[in-house]
Every structure is written in C-alpha cells, then in structure tokens.
Enquirer: 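Okay, here's the structure, questions in a sec.
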4 protein chains.
Amino acid sequence: MPTQKVTKTQIIEIARQVFTKQGYHHTSMSDIAEASGLRKGSLYHHFKGKEELMMAAIDCFHQQFKEGAFSALNNEELNTQQKLNHLINYSEKTYLEDEGSMMANIMLEVINTAPAIANCIKKYFEEWIESVTQILSEVYPPKGAQKIAKESIAAIEGAVMMMQIFNDKSFLTRVHEGLRRRVAQDILEREAV
Amino acid sequence: MPTQKVTKTQIIEIARQVFTKQGYHHTSMSDIAEASGLRKGSLYHHFKGKEELMMAAIDCFHQQFKEGAFSALNNEELNTQQKLNHLINYSEKTYLEDEGSMMANIMLEVINTAPAIANCIKKYFEEWIESVTQILSEVYPPKGAQKIAKESIAAIEGAVMMMQIFNDKSFLTRVHEGLRRRVAQDILEREAV
Amino acid sequence: MPTQKVTKTQIIEIARQVFTKQGYHHTSMSDIAEASGLRKGSLYHHFKGKEELMMAAIDCFHQQFKEGAFSALNNEELNTQQKLNHLINYSEKTYLEDEGSMMANIMLEVINTAPAIANCIKKYFEEWIESVTQILSEVYPPKGAQKIAKESIAAIEGAVMMMQIFNDKSFLTRVHEGLRRRVAQDILEREAV
Amino acid sequence: MPTQKVTKTQIIEIARQVFTKQGYHHTSMSDIAEASGLRKGSLYHHFKGKEELMMAAIDCFHQQFKEGAFSALNNEELNTQQKLNHLINYSEKTYLEDEGSMMANIMLEVINTAPAIANCIKKYFEEWIESVTQILSEVYPPKGAQKIAKESIAAIEGAVMMMQIFNDKSFLTRVHEGLRRRVAQDILEREAV
DNA sequence: TATGAATGAGTTTTCATTCAT
DNA sequence: AATGAATGAAAACTCATTCAT
C-alpha cells in the first residue's frame, strides 16, 4: 500500500545488519526485503540495485565511524593520549556491538568480484589509517606514525576476525587493551625525553 | 572410453585457488569446471557437491600447513627458537604465495551461512593456535603461551587482510618480522633468568 | 496544490515520439513519464493505462493525418491531380519529419499481441486507402482505383521501412516522386481519351 | 531429464516462429521454452541469452533465404529472366508461408533498441539488394539496376506488411506479379534494341 | 570417467498499476 | 493534478545438481 512503511535510512540500517551476518553474495534482495517488511520490488524504489544498497550501507557505517571516532581528531581540548584513547574505545565498542566487522567481512568477499564496492571500503580503511597516523604524528616521527597506525589497525581487524571465529570477545578486548597500554607507555617515554 | 583428464588432487588444488580469489558463494561449479578443463557434470564424479569440494580444498590446505608448518613441532633436533622461526617463515611464505588467506576469506563468508564448512576452518585455527601454544610453552607459562599464540595469529590474519586490501606485502612481512624479533628477545630474556 | 505541469495533449505528443522510436512493448510508462517531466504515477491521472495512452497517440496521429492529408478531399476548388499531389506531399513530409512510420512500426508489433491497438491502426490504413481510392475514382474505374491505392500505400510503407533501416531518405523521396509522375501521366492519358 | 529432447536447430526454428508472431520484446524466454517443450533454464544451455537466440533465428532465416533465393544467381544455365523469376517466386513463396516477414517485423522493433540484432538484419537486406542488383546489371546500367532493386524490395516489404495488417494475401501476390511482368517487359525491350 | 542435456529453485531486476497524501 | 511509496507479476538469467549415454 502506498504509504511509507520504512524510511530509506531504516532500510540501509537493516541491510547493514543482514550484509554483516550473511555477506554480500549470499544475501539476496529477498532477504533484505523480508527483514525490512517490504516486498522485493519496493527496494528498487529506493535503490537502483543490490550494489547501490551495499554501498549505501557501507557509506552509512563509514559516516558513523567518522563522526564517532574521527571527530576527536579536531577536538583541541584533548591531548594526544586522550584522542587515541577515544579512537580505541570507539573502535572496541563498535566491533563488540556489531559482533564483527562488516567492512572486513565484505571486503574480502568483493575484493576480486565487485571492484566498485571494494573501492568504497578501501577508502574507509585509508581514512582510518590516515586519521590514526595524524594523531600519532604528534608524538612519533611521520614514518613511524604511519607504520604503527597500519600495524594497529591490522591487529584490530585480525582480532575481530578471531572473535567471530571463536565467538570469544577477549580477542578484541585484549588488542584494544594492548593498544591503550602501548600508547600510554610510548607517550610517557616521549615526555621523559 | 573417458580416460582421466585431471586427477582429484589437481581439481582440489585448482578449486583452492578459485575459492581463494572469488570466495565460496560467488564461485560456481562452472567456474571450477572451466578452470580445471572439465565440464560441470564431471566434477560430481569426484565430489558429492560444492560443499564437499570446498571442504576438500580446506582439508588440503590444512594438511599442507600441518606438514609444512607443524612438522617442526616434533623435530627434537630443533630448539624452541628454531621451531618458532620455522613456523613464522612457513606462514609468511604461504600467505605471500597465495596472496591472501583462503581460510580467513572463506571463514568470514560461511560463518553464518554454512556451518559445516565453518567448523572445518575453525579446526584449522584451533590446531594452529594449539601448536604455537605448545612450542611457546617451552619458554612461557601455559596461560601466557596461549595468549601470545592467539595474539600472534590474529595479528597475522589481520595483516594478510590488509595486504589484500592495499595490495601491499609489507603488512605481512612486517608482522612476521616483528614476531621473529619478539621471539628472539623473549627467549634471550628467559635464558638470562 | 498541484498545478498542471503538462497538458494532456503535450503528453500524447511526447508519447507518440517515444513510441515511434522504441515501439510499444519496449517503451515503459517510466520512459514516457521521464520524457514528459512527470512522475510515473501522474500519467494515470490522464490515461487509464499504457494501452489507452498508446491509442491516444495513435488517434492523435490519425486525426492530424486526416486534417492534413484527407482534408483536400472535399476541397472542391482542387482538381484530381492537385488533390493527389497534396496527399503525396503531405505523406512525404510527415514520414520525413517523423523519420519513420509510427503506425507501421507499432502495427507489426501489436498485430498478434494487442488487438485493441491493432484495430485502431487498421482503421487508419483503411481510411487512408479509402480516401485515395475515392480520389482516384475520379479518373479510374472503381476496382482499378482501389488496386492502385493499395499498391501505392504499400509502396510508401515499404519505403519508410527501408528508409529507417538504411537511414537513407532517398527510398522515401523516390517513391513519392514515382507516384507524382505516375499520377501526372495517367491523368494526362485519360484526358487524352 | 538428461536425454536430448529437442535439437538446437529445432529450438531455433520454433523461436523463429514465435518471434515472427509476437515480436522480439514481447516474446519471453518462457514463451519459447513452452513452445519447444523445454524448461526456461534449459534454453540457456544452448544459447547465451535471448539476444543470441534471436540472432540465431535471424541467421537461420538468412541462410535459408540465401540457399533458396540467391543460389540461382550463380547458376550459369539460367538466363537473366529465369534468375529473376526464381528470386521473385522464392520471395513470394516464403512470405506467403510465413504469413509475414520476420526480418521486417523484428527490424522495426529493434532498430533503436537492440543494435546488435538490427545490424544482423541490415546485412540480410543489404545482401538481398546486392543480389538483385547483380542480376539486374545484366540488363540495366549499374545505377539503374540498384535503384530498381531497392524499389522492388521496398515494395515487397510494404506489401508483406499490408498483407499482415489486412490478412489479405493479394497485396503480396500482386506486387510479385507486377515485378514478374516488369521484368519480362524490360528484358523484351532491351533485346529489341 | 566424462559429458551434454535438462531442470527447479532461486537470483536480480523491471514494470504497469494503485493509492494515500 | 501531482507524486512518492508500494506491490505483484513477470522478465532475463544463474546455478547446483541429476542422469543417460
């Protein structure tokens, strides 16, 4: 019937959840339709196709992550350690809540099969690395900063994966705890100099 | 009089490559048939179905990893550090050659959609963790050994993922280099005690 | 307070163009909506459905042809040759402008699939033949008049088709030129008798 | 079931008939499947898609026309008039049997919507014109030969269309009769010179 | 063994149409 | 009048699987 049943934003949020659980290729438009209470055809009123819907879900996550995590970056009231802790805490919270990393899960699936989507996700990781690098540059030399940023994010993604595999959140909490400690220590050392 | 064109082992090896590139759900039996020079129907003489073929590929990889990596475990001529370095080297070599981790790629895809396969892969990771833990137990207390094993493997898998995303092997080489250094240092310290 | 954006007549004219280019079955209501600056749903305020819209376009063309071509029929100031030349000129002009014959294009498509539309178009051709026959009857015996009328119209439609296929207007201009010459000659001969 | 039910050639022949009746866009793969006693999916075992099937039907018709009509061209035992009469007879017979011209019907539908198909059909008309031109060149000057060829073929196609519209075969028989007479007369005149 | 043919269930997508606002 | 949302039916196409040869 012709009145609005679900907003576009709601559909995207639902799609995000379904895609996170089932992956890109194994999620059908029917699945998302059913989950959102619409009929298959109605989805095409809001999105040109499955790919566009997937990218909308990615952009939605990216945007939220930006606002939630990267926002601290430009907050001048926070010192380096506070900024990093904010990022670490936000990352931990998000991945725990989602019980996995949509970005990683989808990425591995589409990297050789859906370049448009892969590109979308790549930008997310680039931006994440870039943000962390930027903060770390306040205490490390540029090259070292980027190296640590890459290492840390890789470690987090690896931990999220293991968390999913073993259904064991300690993988995630430990990496984040480790990062927090490392940051504290390194900053202490720098300041001592 | 149809003579054997491709051996079962060859098919598995080819399937492993295709699955690694394209994932489980996006790889069709046609894809594998084409890649192996057979027709679709012929695959069913060797495997009951797609799932069995996938699991054969997983088992094959698992077996190779076992022989290649875990073998060092029981070699009494090697000391702890040598054993660990062997493991680290083998891991690095394998992931570099495959340009990705089939186990991780497939796992994330099937974890909620194909439990039989997921279980198969889970065992691989369990065994890997177990093996590393065992070696580390020669120098660390049991709890700590397992913790480090989990951390290290998570870090490696995260690095493999990033390597794929950014098409940059340094993610992988750096983690392995880091592990080598850590092992050397830790063992030195223990021995000093 | 929705004010009128496009008149019904304008929609029909636009539909006529789109149908001429793309045919009946391959033209969607969306296509026509888009071309006319309306949304799909709005078309249904003016027409019961696609079929009615198609028939409106046909009727519109038919009406124009009637006024433009057949009008000469009852003009008592014109002699037979002038009437025929008027018809021939109008036909040539119309088909050149439209770069094709909507009536023919649509007819062949719907003849076995949409009888209501087919009937509509059939009437157009009947009327056209009838009109030409009527004029020709002023110089030919009735049977012969109809025969020539049918032949001429068939020749024109065949030429329009070839014009579209080869994107070559000479097919059309030559047939019309041939008809003009034939008319002139035949009438001369009759008068000589 | 896995044994062959219909040959590829039979499918093409059936498709040709269905396409001729219903046109390209309004014929679904289901229609053809049903008409040929196969299931929808099975058609894709023989043809990559609808377009390929359509083109196969076109090629089949083209080939038959070539063998049936154009063959006389190179038969040195026939004189010009005999060759032309063969062509005219074959054309008449074919269009009467098919109760329409698939080539014309489909062409008008796809000319702006499926260029690959349009091109296929265009080649058929080009070849037809070329063949007639070649024979006519034996009695007419080259330019005149081609002009008459084009005119004749356009006239035939127009007549076929009218035959379909009015379900009246006399359109077709008369054009062909006219052509036969014209040929006879022209050749007589030339010989008189 | 190998394969070509067939199939049913499912995929993404299109589309004419309806209707509350 | 206009429109955005919704929908059911059907379109083209895919694919894992079966089986006679």
Side-chain angles (χ1 to χ4, degrees), chain A residues 1-8 11 25-33 36-53, chain B residues 1-8 25-33 37-53, chain C residues 1-8 25-33 37-53, chain D residues 1-8 11 25-33 36-53:
Chain A
M1 284 96 211
T3 22
Q4 184 157 17
K5 297 172 71 173
V6 204
T7 67
K8 190 165 175 169
I11 299 173
H25 292 301
H26 194 61
T27 297
S28 73
M29 291 301 265
S30 287
D31 290 338
I32 294 166
S36 61
L38 288 173
R39 304 284 168 232
K40 234 188 321 181
S42 311
L43 288 177
Y44 289 84
H45 184 62
H46 299 281
F47 306 94
K48 274 214 291 246
K50 187 178 167 181
E51 193 171 281
E52 192 178 296
L53 180 48
Chain B
M1 325 76 201
T3 45
Q4 189 152 341
K5 295 175 69 177
V6 204
T7 67
K8 189 165 176 171
H25 292 300
H26 195 63
T27 296
S28 71
M29 290 300 266
S30 288
D31 289 338
I32 294 165
L38 289 173
R39 301 286 169 255
K40 232 194 320 184
S42 312
L43 288 176
Y44 289 84
H45 283 284
H46 300 281
F47 308 94
K48 270 208 289 228
K50 188 177 166 182
E51 194 171 283
E52 193 179 295
L53 180 47
Chain C
M1 328 71 204
T3 45
Q4 187 152 346
K5 294 176 68 175
V6 203
T7 67
K8 187 164 176 170
H25 292 300
H26 195 63
T27 296
S28 71
M29 290 300 266
S30 286
D31 289 338
I32 294 165
L38 288 174
R39 301 284 169 258
K40 234 193 319 184
S42 312
L43 289 176
Y44 288 84
H45 284 284
H46 300 282
F47 308 94
K48 271 209 288 229
K50 187 177 165 182
E51 193 171 283
E52 192 179 295
L53 179 48
Chain D
M1 286 96 214
T3 23
Q4 185 157 18
K5 298 172 70 174
V6 205
T7 66
K8 189 166 177 170
I11 298 173
H25 292 300
H26 195 62
T27 297
S28 72
M29 291 301 265
S30 286
D31 290 339
I32 294 165
S36 60
L38 288 174
R39 304 284 168 231
K40 234 188 320 181
S42 311
L43 288 176
Y44 290 86
H45 184 62
H46 299 281
F47 306 94
K48 273 214 294 244
K50 187 177 166 184
E51 193 170 283
E52 191 178 296
L53 180 47

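Bear in mind that the values here come from a model prediction, so they are computed numbers and not experimental data. Scope of the values below: all heavy atoms of this structure, side chains included, with no hydrogens, waters or symmetry mates. Note on naming: letters A, B, ... go to the chains in the order of the sequence lines (proteins, then strands), and numbering restarts at 1 for each one.
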Enquirer: To the nearest Å, give me how far apart NZ (C/K40) and P (E/dT14) are.
Expert: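 After rounding, the gap between these two atoms is 11 Å.
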
Enquirer: Which nucleotide wins on minimum distance to the side chain of C/R39, given the candidates F/dG4, F/dC13, F/dC15?
Expert: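 Closest of the options to the side chain of C/R39: F/dG4.
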
Enquirer: With sequence neighbours left out, write down each residue that passes side chain to side chain donor-acceptor pair (under 3.5 Å) with C/H46, or none if nothing qualifies.
Expert: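 Once residues adjacent in sequence are excluded, C/H46 has no partner under the side chain to side chain donor-acceptor pair (under 3.5 Å) criterion.
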
Enquirer: Which residue lies toward the 5' end of DNA chain F, C/G37 or B/E51, if each is placed at its nearest nucleotide?
Expert: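 Its nearest nucleotide lies further toward 5', so the answer is C/G37.
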
Enquirer: Hey, can you pull the residues of residues 41-49 of chain B with a non-hydrogen atom under 4.0 angstrom from DNA chain E?
Expert: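 Here the set is B/G41, B/S42, B/H45, B/H46.
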
Enquirer: Specify the separation, in whole Å, of atom CD1 of B/I32 and atom C1' of F/dC15.
Expert: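 The answer, rounded to whole Å, is 12 Å.
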
Enquirer: Between A/H26 and B/L38, which has a closest nucleotide on DNA chain E that is more 5'?
Expert: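 Comparing both residues, the 5'-ward one is B/L38.
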
Enquirer: Could you state the atom-to-atom distance from NZ of D/K50 to P of E/dT13 in whole Å?
Expert: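 Rounding to the nearest Å, NZ of D/K50 and P of E/dT13 are 18 Å apart.
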
Enquirer: Check the distance between E/dG8's P and D/M29's CE and give it to me in whole angstrom.
Expert: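 Taking atom P of E/dG8 as the reference, CE of D/M29 is at 16 Å.
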
Enquirer: Please report how far the helix from E/dA2-F/dT21 to E/dT21-F/dA2 bends, comparing the axis fitted to its first five pairs with the axis fitted to its last five, to the nearest 10 degrees.
Expert: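 That helix has its two terminal axes inclined by roughly 0°.
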
Enquirer: Would a distance-only check, ignoring hydrogens and angles, find a side-chain to backbone donor-acceptor pair under 3.5 Å from D/K50 to D/S28?
Expert: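 Flag not set: sc D/K50 to bb D/S28 has no pair under 3.5 Å.
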
Enquirer: Looking only at heavy atoms, what is the nearest atom pair of A/G37 and A/K5, with distance?
Expert: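 For A/G37 and A/K5, the tightest heavy-atom pair comes out as O-NZ, 3.1 Å.
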
Enquirer: Once you round it to whole Å, what is the distance between P of F/dT21 and NZ of D/K5?
Expert: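 Value for this atom pair: 15 Å.
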
Enquirer: Using atom CG of B/D31 as one end and atom P of F/dT14 as the other, report the distance to the nearest whole Å.
Expert: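 Taking CG of B/D31 and P of F/dT14, I get 12 Å after rounding.
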
Enquirer: Could you work out, with side chain to side chain contact (heavy atoms under 4.5 Å, CB included) as the rule, every residue matching A/T27, not counting sequence neighbours?
Expert: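 Residues passing side chain to side chain contact (heavy atoms under 4.5 Å, CB included) with A/T27: A/V18, A/F19, A/Q22, A/D31, A/I32.
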
Enquirer: Looking at every heavy atom in both B/F47 and B/E52, which two are closest together, and how far apart are they?
Expert: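 Looking at all heavy atoms of both residues, the closest pair is CA-OE2, 3.6 Å.
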
Enquirer: For the pair made of NZ in D/K8 and C1' in E/dA6, what is the distance, rounded to whole Å?
Expert: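 Those two atoms, NZ and C1', are 15 Å apart.
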
Enquirer: Quick one: do the B/H25 and A/H25 side chains pair a donor with an acceptor below 3.5 Å?
Expert: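 There is no such pair between these side chains.
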
Enquirer: Just to be sure I understand the rule, does B/T7 reach a base, reach only the sugar-phosphate, or reach nothing, if contact means heavy atoms closer than 4.0 Å?
Expert: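 B/T7: no heavy atom of the nucleic acid under 4.0 Å.
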
Enquirer: Output all residues satisfying side chain to side chain contact (heavy atoms under 4.5 Å, CB included) with B/Y44, sequence neighbours left out; order by chain, then residue number.
Expert: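 Testing B/Y44 for side chain to side chain contact (heavy atoms under 4.5 Å, CB included), a comparison that skips the adjacent residues, returns B/M29.
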
Enquirer: Quick one: list whatever passes side chain to side chain donor-acceptor pair (under 3.5 Å) with D/S30, sequence neighbours left out.
Expert: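 Scan of D/S30 (side chain to side chain donor-acceptor pair (under 3.5 Å), adjacent residues dropped) gives none.
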
Enquirer: Of all the heavy-atom pairs spanning D/L43 and D/A33, show the shortest one and how long it is.
Expert: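 Looks like CD1-N, 3.7 Å.
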
Enquirer: Please report, rounded to the nearest Å, how far the P atom of F/dA16 is from the CD atom of B/E52.
Expert: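 Going from B/E52 (CD) to F/dA16 (P), I get 15 Å.
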
